Amino acid sequence: MRVLVVEDQADLVEILLEGLRAAGMAVDSAFGGVQALELLAVNEYDVVVLDRDLPDVHGDEVCRELIESAALTRVLMLTAAGAVDDRVEGLSIGADDYLAKPFDFAELVARIRALGRRARPPIPPVLVDGDLVMDTARRVATRGGRPLPLTAKEFGVLEVLLGADGAVVTSEQLLERVWDEHTDPFTNTVRVTMMRLRRKLGEPGVVATLPGVGYRIAR
């Protein structure tokens, strides 16, 4: 899942980035509405965690422009105001969910994941291919009943491939879905991660490579 955090409080941004990445998400950040709109114009996000009270372009306007663009991105709006009228107003302009500050981090993660499942055609919470089982909610993967010690990126790559249900996924799509904006698009990080993932998955091979095209679950 790829997430954009839009928040002007630098200390809060750092906490959110660290926590969400530890939860297995690819996360970018913007410190204002202008930067957020620039990132939304070039990147595809599942969820935007959007502070409503931004110093340049108000969060409401960012939300409106995102809705008008017909993007599939879901919006979780944050605000210090917890009154019912504020929540209603935020939802009425197109936000999908609303969370008042201060909030419990576990609740934030749960809400982001719930919205992420709605951002695209729904993917089952448990993905199965032969003896390979992935529980995306618990962040656990097993093969033949054996736990797989996957890193966050390896788990993300495998989740995208299993979610594609046999369709080919390009390296560019994996970079877009699993990594963040700071990843060099010309890096070999996808290839290296795929090599490590294959070693951990063992034999027979699970991931097939289509030279010059991409990867898919071997069937």
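As the structure is a computational prediction, the values presented were derived from the model and not from experiment.
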Tested for side chain to side chain contact (heavy atoms under 4.5 Å, CB included) against Y215, the lone hit among V160, V168, V190, L197 is V190
Exercise. Answer yes if I67 and V6 sit in the same cluster of Ile, Leu, Val, Met, Phe, Trp and Tyr residues linked by side chain heavy atoms under 4.5 Å apart, and no otherwise.
Key: no
Between the main-chain N or O of G205 and the side-chain N or O of R198, is there a donor-acceptor pair closer than 3.5 Å?
no
**Q.** Any side-chain heavy-atom pair of L175 and T189 under 4.5 Å
**A.** yes
Residues R74 and D97 bridged, charged N to O under 4.0 Å | no
TODO: Determine whether V192 and F155 fall in the same hydrophobic cluster, where Ile, Leu, Val, Met, Phe, Trp and Tyr are linked whenever their side-chain heavy atoms lie under 4.5 Å apart.
DONE: no
- Could you walk me through whether E14 and E7 pass the side-chain contact (heavy atoms from CB on, under 4.5 Å) test, one step at a time? CA-CA 10 Å; E14 289 305 313; E7 169 63 61; over 6 Å; no
The reported gap from CG in L99 to CG in D104 (rounded to nearest 0.5 angstrom) is 9.0 Å
Side chain to side chain contact (heavy atoms under 4.5 Å, CB included) test vs V48 passes for just one of L4, V3, V5, namely L4
Residues G59 and L50: closest non-hydrogen pair is O-CD2, 3.3 Å
When rounded to the nearest 0.5 Å, the distance separating CG of L115 from OG1 of T73 is 11.0 Å
Electrostatic pair E203-R143, nearest N-O below 4.0 angstrom | no
In short, A95 meets C63 closest at the heavy-atom pair N-SG, 3.6 Å
The reported gap from CG in D135 to CG in L127 (rounded to nearest 0.5 angstrom) is 9.0 Å
Is there a side-chain contact between L148 and M134, using heavy atoms and a 4.5 Å cut-off?
no
CG of L20 to CD1 of I15, rounded to nearest 0.5 Å, is 11.5 Å
Looking only at heavy atoms, the pair that brings A141 and L150 closest together is CB-CD1, 4.0 Å
* Report yes if some heavy atom in the side chain of V42 is under 4.5 Å from a heavy atom in the side chain of E38; otherwise report no. => no
* **Main-chain N/O of T170 paired with Q173 side-chain donor or acceptor, under 3.5 Å** => yes
* Asked: Considering only heavy atoms from C-beta outward, does the side chain of V206 approach that of L161 to under 4.5 Å?
  -> no
Tell me, do F105 and L16 make a side-chain contact under 4.5 Å, heavy atoms counted?
yes
Between K101 and the options D53, D51, T79, the side chain to side chain donor-acceptor pair (under 3.5 Å) test singles out D51
More than 12 heavy atoms of other residues, nucleotides or ligands under 6.0 Å from CD of E18: is that the case? no
Is atom CZ of R146 surrounded by more than 12 heavy atoms (other residues, nucleotides or ligands) closer than 6.0 Å? yes
One should read off an interatomic distance between T151 OG1 and K200 NZ, to the nearest 0.5 angstrom, of 5.0 Å
Problem set entry | Short side-chain to backbone donor-acceptor contact, E61 and V57, under 3.5 Å | no
Output for pair (L37 CG, E65 CD), nearest 0.5 Å, gives 4.5 Å
Is it true that M194 and V213 fall in one hydrophobic cluster, defined by side-chain heavy atoms closer than 4.5 Å? no
Take a 6.0 Å sphere around CZ of R196 and say whether it holds more than 12 heavy atoms from other residues, nucleotides or ligands. no
Given the rule that I, L, V, M, F, W and Y join up when any side-chain heavy atoms are under 4.5 Å apart, are F103 and L76 in one cluster? yes
Closest heavy-atom pair, R21 versus V27, reported as atoms and distance to 0.1 Å, is NH2-O, 2.8 Å
Closest heavy-atom pair, L40 versus Y45, reported as atoms and distance to 0.1 Å, is CD2-CD1, 3.8 Å
message: Would the distance check show the side chain of E176 and the main-chain N or O of E44 forming a donor-acceptor pair, the cut-off being under 3.5 Å?
response: yes
All heavy atoms of A23 vs all of V109, minimum pair found to be CB-CG1, 4.4 Å
Fill in: Short N-O contact, D46 and R2, less than 4.0 angstrom
no
query: Going hydrophobic residue to hydrophobic residue with side-chain gaps under 4.5 angstrom, can you get from V140 over to L132?
result: no
